[in-house]
Every structure is written in C-alpha cells, then in structure tokens.
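For the single chain, residues carry numbers from 1 onward in sequence order.
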Amino acid sequence: MSLKIIDLSMPIENDILSEEVAPKINYISHTKGALYLGMGLLWKGENFLKKLINAIKILIRGRTLKPADFKDNMGLSTEFVKLSTHTGTHVDSPYHYGPLGRDISEIPLEPFFNDAVVLDFSQRNSCLEISKEEIEKKLKEIGYLLKKDDIVLLRTGGEKYWGSSDYTSKYVGLSVEGLDFLLDLGVQVIGTDGFGLDQPFQWMHDNYIESKDKSYLWPVHIHGRKRPYYMIEKLGNLQSLDNPFGFKVAAFPVKVKKASAGLAIIEEN
C-alpha cells in the first residue's frame with residue numbers, strides 16, 4: 001500500500017496581498033553566494049575590533065573567496081527572509097491569546113499529529129460565524145463521530161482568494177459556541193483555510209462600533225485565554241482530500257522562542 005501525502009500549507013511569497021504584513025524575501029544567487037561565503041569567513045571574531053583585524057589580515061593576504069574559487073564559478077544560494085510568525089500556514093499558540101498561555105516554543109508536539117476530519121462549509125450562503133448546530137449537522141451528514149485529540153479542519157472557501165486582498169475578508173469564522181463544542185469533545189487543534197478562526201476584521205470592527213460590545217472583537221482567539229487550544233490559520237488545498245476523514249494530519253510548528261505563533265507544515269497520510 002503506497003503512502004499518499006498532500007501538502008495543505010500555503011507558501012511564503014514576496015509582497016503577497018493576502019498577508020496583513022507582507023514578507024520580504026531577498027534572494028541570493030549562487031554567484032553572489034560565493035561572495036557571501038567569503039565574507040562569512042572574513043568577518044570572524046569575538047567582538048567588532050577582532051573581526052576588523054581579522055578582515056584586514058585576510059584582505060592584505062589576498063585570501064578572500066571569490067566565485068572563481070568555486071567549482072563551476074558558483075557558491076551556494078541562500079535567502080534572507082523578514083516576516084511575521086503569522087505568515088503563511090501557521091499555528092497560533094495560547095500565548096497569542098493572552099500573556100499566561102504557553103508560547104510556541106513551549107508546547108508539546110503530540111497534539112499536532114493525529115486523525116483529522118475536514119468539515120466543508122465552502123458552499124454556505126451565510127456571512128455569520130459557523131454555529132455549533134452547523135458543525136453537528138455536518139458531522140452527521142458525513143457520518144463521523146469526533147473523538148478526543150482529533151484535528152478539525154474547516155473549509156470556508158477562503159483559499160480561492162489567496163494572493164488577493166479579498167483573502168482577508170472573503171471567509172467566515174467560527175462561533176464561540178462552536179469552539180466550545182469542539183473543545184468539550186477533546187479537540188485541541190482546529191484549522192481553517194481562511195485568514196483566521198474569527199470573523200474578518202472589518203466585520204468585527206463594524207459590529208463593535210455599532211454595538212460597543214467588546215465580545216465582537218476576536219472572541220474565538222480571546223476565548224483561548226480561558227480554554228487554551230491551538231489554531232491553524234491559512235490552510236490550503238483542502239479540496240484535494242479524497243475523503244472528509246480517514247487520514248492523519250502532521251502540523252508541527254517551528255519553535256520560535258517566546259513567540260505567539262510558528263510556521264507549520266501540514267500533510268495528509
């Protein structure tokens with residue numbers, strides 16, 4: 001029996017409109033890479049003065065590495081990336097929700113490799129949050145009984161707007177009641193193909209301004225202060241899953257010290 005793996009993660013791209021804070025990637029070619037390797041050997045020492053002395057000695061002796069010193073006149077390529085930990089497909093840690101929660105470098109890995117189920121709400125015609133009743137109905141429709149530690153993936157249809165500014169607004173979030181329903185069943189990891197599990201920013205803002213009710217502002221995130229859980233945002237390729245369940249998901253976050261989130265790799269077995 002062959003193993004089928006489906007990548008459910010979104011890429012990190014330069015200047016992409018679907019990111020709130022667009023990443024910046026500086027690509028260093030193989031030719032320039034040779035110069036960078038040479039500079040790395042040049043600039044060595046315990047402090048600035050020792051680094052400067054070492055650099056001067058190497059330059060005087062003419063021992064700096066150049067592209068011509070490498071086979072095929074090429075060194076090694078590399079990239080310098082400046083981004084938010086919430087760029088691309090990533091896991092939000094409880095610290096993101098409040099200062100008492102675990103940060104992304106402290107969380108255990110066990111919750112991030114488990115049986116999973118995808119709940120497809122992409123044909124839904126409401127702009128309101130996904131309710132507990134809708135989740136119960138969808139589970140009954142696909143004939144699946146949620147169990148402890150299952151990973152739940154919500155398909156909202158948001159992925160089709162990836163790459164455009166509409167991605168930040170053309171999706172629906174999860175209700176707090178729906179979140180509690182999943183947590184009560186022992187679910188620890190919940191993912192979405194949208195920008196986040198809360199409603200779009202403008203929707204939350206407009207409802208708050210009109211009502212002055214603070215519960216409209218990031219309620220699903222903030223609920224994590226009372227009931228810690230893990231959120232996977234910006235999933236992709238959910239439509240490629242052959243069945244709504246019967247597969248595993250691996251979503252191990254990158255451990256960034258004292259950070260609120262870490263980039264994740266999502267796959268199906």
Side-chain angles (χ1 to χ4, degrees), residues 2-93 103-105 109 112-113 159-168 193 195 232-240 249-269:
S2 62
L3 178 68
K4 182 178 182 181
I5 297 178
I6 298 175
D7 186 358
L8 303 181
S9 61
M10 302 301 276
I12 297 170
E13 305 175 54
N14 247 336
D15 303 319
I16 188 165
L17 296 177
S18 47
E19 295 285 10
E20 186 184 18
V21 180
K24 296 292 182 182
I25 307 172
N26 182 20
Y27 294 92
I28 306 301
S29 69
H30 293 86
T31 302
K32 287 184 179 179
L35 298 174
Y36 271 84
L37 289 171
M39 289 171 60
L41 294 172
L42 193 71
W43 198 244
K44 282 187 175 294
E46 298 174 2
N47 53 51
F48 178 79
L49 181 59
K50 289 186 176 180
K51 289 178 180 178
L52 183 61
I53 292 172
N54 181 63
I56 291 172
K57 285 180 179 179
I58 292 176
L59 288 171
I60 290 174
R61 294 170 183 170
R63 294 182 178 177
T64 55
L65 292 178
K66 307 175 292 299
D69 295 315
F70 289 84
K71 186 176 181 179
D72 302 322
N73 295 318
M74 292 187 295
L76 308 176
S77 68
T78 191
E79 296 77 38
F80 293 93
V81 184
K82 183 178 181 180
L83 47 67
S84 159
T85 54
H86 297 263
T87 301
T89 307
H90 64 276
V91 175
D92 281 355
S93 73
D103 71 52
I104 203 71
S105 68
L109 295 180
F112 300 99
F113 181 63
E159 181 198 347
K160 64 185 176 184
Y161 299 105
W162 178 259
S164 75
S165 56
D166 284 341
Y167 184 76
T168 62
D193 67 344
F195 195 83
I232 307 173
E233 296 178 328
K234 304 176 186 176
L235 286 166
N237 211 23
L238 293 179
Q239 75 281 356
S240 295
V249 159
F252 302 119
V254 175
K255 291 194 172 184
V256 183
K257 194 69 175 177
K258 297 183 179 179
S260 60
L263 307 181
I265 297 174
I266 320 296
E267 298 176 335
E268 182 234 355
N269 286 335

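When all heavy atoms of Met10 and Thr89 are compared, the pair lying nearest together is N-OG1, 2.5 Å. Of all the heavy atoms in Thr31 and Asn73, the pair that sits closest is OG1-O, 4.4 Å. Minimum interatomic distance between Ala250 and Phe113 (heavy atoms only, all atoms of both residues): CB-CD1, 3.7 Å. Taking both residues in full, the closest heavy atoms of Ala251 and Val91 are given as O-CG2, 3.9 Å, listed atom of the first, atom of the second, then distance. Residues Thr87 and His90 come closest through the heavy atom pair O-ND1, 4.0 Å. Across every non-hydrogen atom of Lys24 and Asn14, the tightest pair is CA-OD1, 3.2 Å.
Side-chain N or O atoms of Asp72 include none that pairs as donor or acceptor with a backbone N or O of Met74 at under 3.5 Å. Proximity of a side-chain donor or acceptor of Lys257 to a complementary backbone N or O of Asp103 within less than 3.5 Å is not detected. In this structure, the side chain of Asn237 engages the main chain of Asp7 through a donor-acceptor pair within 3.5 Å. Under the 3.5 Å distance criterion, the side-chain polar atoms of Ser18 are matched with a main-chain donor or acceptor of Gly163.
Summarising the geometry, atom CG belonging to Leu17 is positioned 9.5 Å from atom OG1 belonging to Thr168; distances are rounded to the nearest 0.5 Å. The distance from the CG atom of Leu76 to the NZ atom of Lys32 is 15.5 Å, given to the nearest 0.5 Å.
Between Glu13 and Glu19 the shortest side-chain heavy-atom distance does not fall below 4.5 Å. Between Lys160 and Asp193 there is no side-chain heavy-atom pair separated by less than 4.5 Å. Contact of the Ile16 side chain with the Tyr167 side chain is not registered, since no non-hydrogen atoms from C-beta on lie closer than 4.5 Å. Within the 4.5 Å cutoff, no side-chain heavy atoms of Lys258 are placed close to those of Ile104. Using a 4.5 Å heavy-atom threshold, the side chains of Glu20 and His86 count as separate.
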